[in-house]
Each structure stands twice: as C-alpha cells, then as structure tokens.
Amino acid sequence: MSAPRRVHVIGAGLAGLAASLRLAANGVAVVLHEAARQAGGRCRSYRDATLGCRIDNGNHLLIAGNHAAMDYLRRIGAEASLIGPAQAEFPFLDLDSGERWTLRPGAGKLPWWIFQRARRVAGTGAFDYLSGLRLVGAPADATVADRLDPRTVIFRRLWQPLAIAGLNTETEQGAAVLLGRLLRESFGAGGGACRPLVPIEGLSESLVEPALDRLHALGAELRFGSRLRALEFAGERVAALSFDEGGEPLAEDEAAVLAVTAPVAARLVPELSAPDEFRAIVNAHYRVAAPADAPLFVGLIGGTSEWVFRKREVLSVTISAADRLVDAPAEELAAKLWPEVRRAYQLGDAPLPPWQIVKERRATFAATPAQQRRRPGAATQWRNLVLAGDFTDTGLPATIEGAIRSGDRAAAQLLGGALALQAKGA
Ligand SMILES: Cc1cc2nc3c(=O)[nH]c(=O)nc-3n(C[C@H](O)[C@H](O)[C@H](O)COP(=O)(O)OP(=O)(O)OC[C@H]3O[C@@H](n4cnc5c(N)ncnc54)[C@H](O)[C@@H]3O)c2cc1C
C-alpha cells in the first residue's frame, strides 16, 4: 500500500503523539483525536489545587539510552528540558540499616566499574553483578525471581528495585525477558546509556506541549474531547470511524492509527489479543522544597516508598506494583510515607507538609510472561488500521520509550517501511 494521504490518529498519549509527528513530518495530513481535554495520557502534568502547584501524574524517569525518546525530544526541540547528573549515578538509602551508597556505572561499555567498591551497591562484590547475565536467554515463561536469587544482597538492593520500577510488577511474577531487555539497553550499553533524566518543569512541558506545538507547525489538526466509539469494518478495510460527535468515513487513501489503552483497543477491535491484567502505581506528593544541591532522586530499600524525586516545589514518592496500597486511605498513606521521605532528604523531624496522593489503578499492564504473550503487533487484519501503544509488542515493558517506539513503528508501517522515517528529518 502506498503512503496514505490522510491518517486519523486516535489517542494523544506518547504513542499517538509519536505516530502523528512521524506521519505529519512525512507530508501526511494528520487528524489527532483525543477523548480527554488534554494530551499526554498517562504521562502528563496538571495543577493540583490542594498543593497549589503543578505536579506530574506520576514520576517518570528516562535514561539517556532511551534512544527513541531522545530522538523524539530532539525533533520537538525539547532536549534541553530534561535534567540529570553529568554521569550515571543512582543514590540509595537502606532504611533498615541506615546505609547510603551511590551506584555509579562507568561511562564505557565494558563494566570495569564493578571492580571499584565505591561505584558498587554497598555490601556487594564484583562477581555478584554477573548474576544479571542469567537474564540473557531466559525462557519466555521465566520470572525475574526464577532467574535471580532473591536471597542475595544484590537482589534486594539492585535487581529487585530495578525490576519493580521497570516492570511495575512483582519479581515473582515479572517476565525475566523484559527485565533482561531493560538491562541490556541500560547497563549493557555502558554507563552513558544509564544516565538518568527527569523533566526540569514537568512531563507536559517536556514531552507533550512541545509535541503539540510541532504538530501545529506541521499543519496537523488536533481534536480534543473526541472519543472514538466504534470502528466500522468493510472487508479488509476500516470504512469509517464513529465518534460521539458523528461518523468519519475513511476514503481509499485514508488510514487510522489506534493509539489508545489496551482495554479500549480490546473493546474496539474484534478478537484483539491484548493485555488484560494491570498493576497500580501510587505517588505521594509533598509540598516541600529540598535543598537545590540534594540528589534529583533517591532509591529507598526496606520501606514502603521505593523512589523519592526532588521537584522544584514538591518531594514526590513512587511506589510501583502498588495494588496492595490502592484501597488504603490517602491520609494513612501520606502519614506513613512522610517519615521515609524525611530520611531520604535528611529533613530532620519536619512536620507533615501539604500532600497529595495520586493512585493510578491501571498504571501499566502487568509485565508477566502470560501478559507478554497477549501483546499484539502493529499490523492488523485491516490494511488501513495499525495499532500503537505501550501495550503493543515493543519488546519493552510499558514505558515512555516503548510507547514512542510503538508510535514510530505504526507510522513506519503506514509509510511503507522504516526508511521513510529518515526522510525530511521526520
Ligand atoms: C504513575 C505512572 C508512572 C510511570 N512511570 C514511568 C517511568 O518512570 N518511566 C517510563 O518510561 N514510563 C513510566 N510510566 C509508563 C508511561 O507513562 C506509559 O507507558 C506511556 O505514557 C503510555 O503511553 P501510551 O500513549 O501508550 O498510552 P496513554 O498515555 O494511556 O495514551 C492513550 C490515550 O488515548 C486516549 N483515549 C483512550 N480511549 C480513547 C478513545 N476511545 N478515543 C480517543 N482517545 C482515547 C486516552 O485519553 C489517552 O490520552 C508510568 C506510568 C504511570 C501511570
């Protein structure tokens, strides 16, 4: 099929934005439909009335090795909107023992740094890191805990926190192959690839608003409050899209990218195999300013909080695979997590500041071997319909990087191959 003249992209999360940018930059007329009043989906910022400032719906960490995300940021002119340490470094605090350490992978591809105690996780030896190689070639049905020994210090202090954050799934259930892929693209690619990056202002300011500006500049049409209700199929094509506000017939030279969440895609596309099990993420935001020279984030071992991020106006806790907490009262969570935040950022006995708890019940699909098997590819049986979204089979767990790759891939599919992505600086 030659490249379509016009494409309707459904869903303005990062997958839909990425697909729209690629298509519009290749001269395709793009109409981007988003059910909500704003773009960004699960990766966005908003003003919180209780805190009196803008917050992100959840703390998101990128690494320099997220090449599709870095390329996306370059194309929307937002590279400089992220901040991170000059070298890869991950500060940790063990809440049980009080030990602090900073993991500092060296810049090169060969991991010589594991032989330097000051760069390692406290209590680990150089050869402990080789256990990570057990993820290479792990069978598709193996879990993280099947491949990495949960009784070891390196498991408790490194593999487990990385796995829970990266997969948003418990180590007893998370797919070893997905953690293996994450580690290959980070630690396996050298310390340069591991350099952590977070938005200076917020997720929307870095990843969403500049993308919308770029789409405007490329002539794309953006329709907010536009919810797709049904797809109408005719033979091997989608013949029309049905929105609340009316139908949109698809001409022979028109196509659609469905970049919605897994449950919505499963409702709209007959017999679609898609993940149907999800995990929650809980974030706790505290209105307090930490010293500007304090680390951008701290990993916590042995508590309920897993990572604490320092933002301009808040300190913010992330807890992944947090289904056990989603029904706990917000007051209880805020009071329970605050002492851990105080310790992470050495705030003495500072009283509980204004706070907000944000619970994303279906933050991501559960990255289990069984769910992994349910992930669909981009192509569908209808020649003018392609899928995008973090739940599609990107080889990665549900991440910004995976969502952007899925959008790029959907566009490439419609444009007739990856080569088109090189064209016109797309
Ligand atoms: C709390 C939290 C923390 C996270 N932390 C990280 C992190 O640290 N690092 C990382 O890489 N990733 C992280 N993620 C994952 C990351 O946010 C997602 O993988 C990514 O944003 C998914 O993008 P998407 O475009 O696939 O889906 P979504 O963002 O869900 O976008 C789908 C869009 O489709 C729209 N839509 C749905 N139905 C319809 C319809 N019928 N018609 C029109 N529009 C529709 C939705 O409103 C939404 O805007 C986190 C996620 C959460 C929730």
Side-chain angles (χ1 to χ4, degrees), residues 8-20 31-44 55-63 65-66 68-69 72 162 164-168 182 185-186 196-199 203-204 207-208 211 222-231 241-245 256-269 274-275 278-285 297 306-307 309 316-322 357-365 367 375 387-392 394 396-407 410:
H8 292 266
V9 178
I10 320 298
L14 292 177
L17 289 171
S20 300
V31 186
L32 175 57
H33 302 261
E34 167 54 51
R37 294 274 152 212
Q38 78 286 324
R42 279 170 284 156
C43 181
R44 67 183 191 285
I55 55 172
D56 291 335
N57 71 312
N59 300 306
H60 283 61
L61 185 76
L62 283 160
I63 56 168
N66 289 152
Y72 169 98
L162 293 182
I164 291 182
L167 305 187
N168 190 29
L182 282 185
E185 294 196 7
S186 51
L197 295 165
V198 290
L203 292 169
S204 292
L207 289 148
V208 181
L222 311 180
R223 295 187 194 166
F224 292 101
S226 177
R227 182 179 298 276
L228 182 69
R229 291 290 178 197
L231 295 158
L241 306 170
S242 169
F243 295 92
D244 282 346
E245 64 273 22
V257 175
L258 193 59
V260 297
T261 56
V264 176
R267 265 202 309 278
L268 292 168
V269 179
F278 302 88
R279 291 289 184 273
I281 296 182
V282 169
N283 279 264
H285 305 274
F297 61 87
E306 291 165 352
W307 300 89
F309 289 80
S316 222
V317 174
T318 292
I319 307 164
S320 299
I357 302 286
V358 181
K359 299 171 179 172
E360 292 266 2
R361 282 175 188 266
R362 287 179 158 199
T364 69
F365 70 86
R375 298 173 77 180
L387 303 176
D390 63 355
F391 70 90
T392 59
T394 62
L396 292 172
T399 51
I400 291 175
E401 177 70 8
I404 291 174
R405 282 190 202 174
S406 77

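In each ligand, atom 1 is the first atom listed, and ligand 1 is the first ligand listed. Note that these values count all heavy atoms, side chains included, but never hydrogens, waters or copies made by symmetry.
Close N/O approach between Ala35 and ligand 1 is found [any backbone or side-chain N/O within under 3.5 Å]. For ligand 1, the polar-atom distance check against Ala363 finds no nitrogen or oxygen pair separated by under 3.5 Å. In terms of N/O distances under 3.5 Å, ligand 1 is not approached by Gly58. Any N or O atom pair closer than 3.5 Å counts here, and Gly16 shares no such pair with ligand 1. When only interatomic distances are considered, the shortest N/O to N/O separation between Thr261 and ligand 1 does not fall below 3.5 Å.
Aromatic ring orientation, Phe297 versus Phe309: tilted (interplanar angle from 30° to 60°).
Contact annotation: for Val264 versus ligand 1, heavy atoms closer than 4.0 Å belong to the side chain alone. Proximity of Val260 to ligand 1, defined as any heavy-atom pair under 4.0 Å, is shared by backbone and side chain alike. If you look at Ser406 next to ligand 1, there are no close heavy atoms at all, none under 4.0 Å. Using a 4.0 Å cut-off between heavy atoms, Asn283 contacts ligand 1 through its side chain alone, with no backbone atom that close. When non-hydrogen atoms are compared, ligand 1 lies under 4.0 Å from the side chain of Ile10 (C-beta onward) but not from its backbone. Residue contacts with ligand 1 for Ala259 involve N, CA, C or O but no side-chain atom from C-beta outward (heavy atoms, distance under 4.0 Å).
Counting only heavy atoms from C-beta outward, the side chains of Val282 and Ile357 approach each other to under 4.5 Å.
Atom 24 (P) of ligand 1 has as its closest protein heavy atom Arg42 NH2, 3.9 Å. For atom 23 (O) of ligand 1, the nearest non-hydrogen atom of the protein is Ala403 CB, 3.5 Å. Scanning all protein heavy atoms for the shortest distance to atom 26 (O) of ligand 1 gives Asp390 N, 2.9 Å.
Under a 4.0 angstrom heavy-atom cut-off, Ala165 registers as lying outside contact with ligand 1.
Atoms of ligand 1 lying under 4.0 Å from any heavy atom of Ser226, numbered from 1 in the order shown and given with element: 42 (N), 43 (C). For ligand 1 and Ala398, the ligand atoms under 4.0 Å from any heavy atom of the residue are 15 (C), 19 (O).
To the nearest 0.5 Å, the span separating NE2 on His60 from CZ on Arg44 amounts to 9.5 Å.
Of the candidates Glu401, Arg37, His60, it is His60 that places a heavy atom closest to atom 17 (O) of ligand 1.
Here the options are Asp390, Thr392, Leu396, the test is side chain to side chain contact (heavy atoms under 4.5 Å, CB included), and the partner is Ser406; only Thr392 passes.
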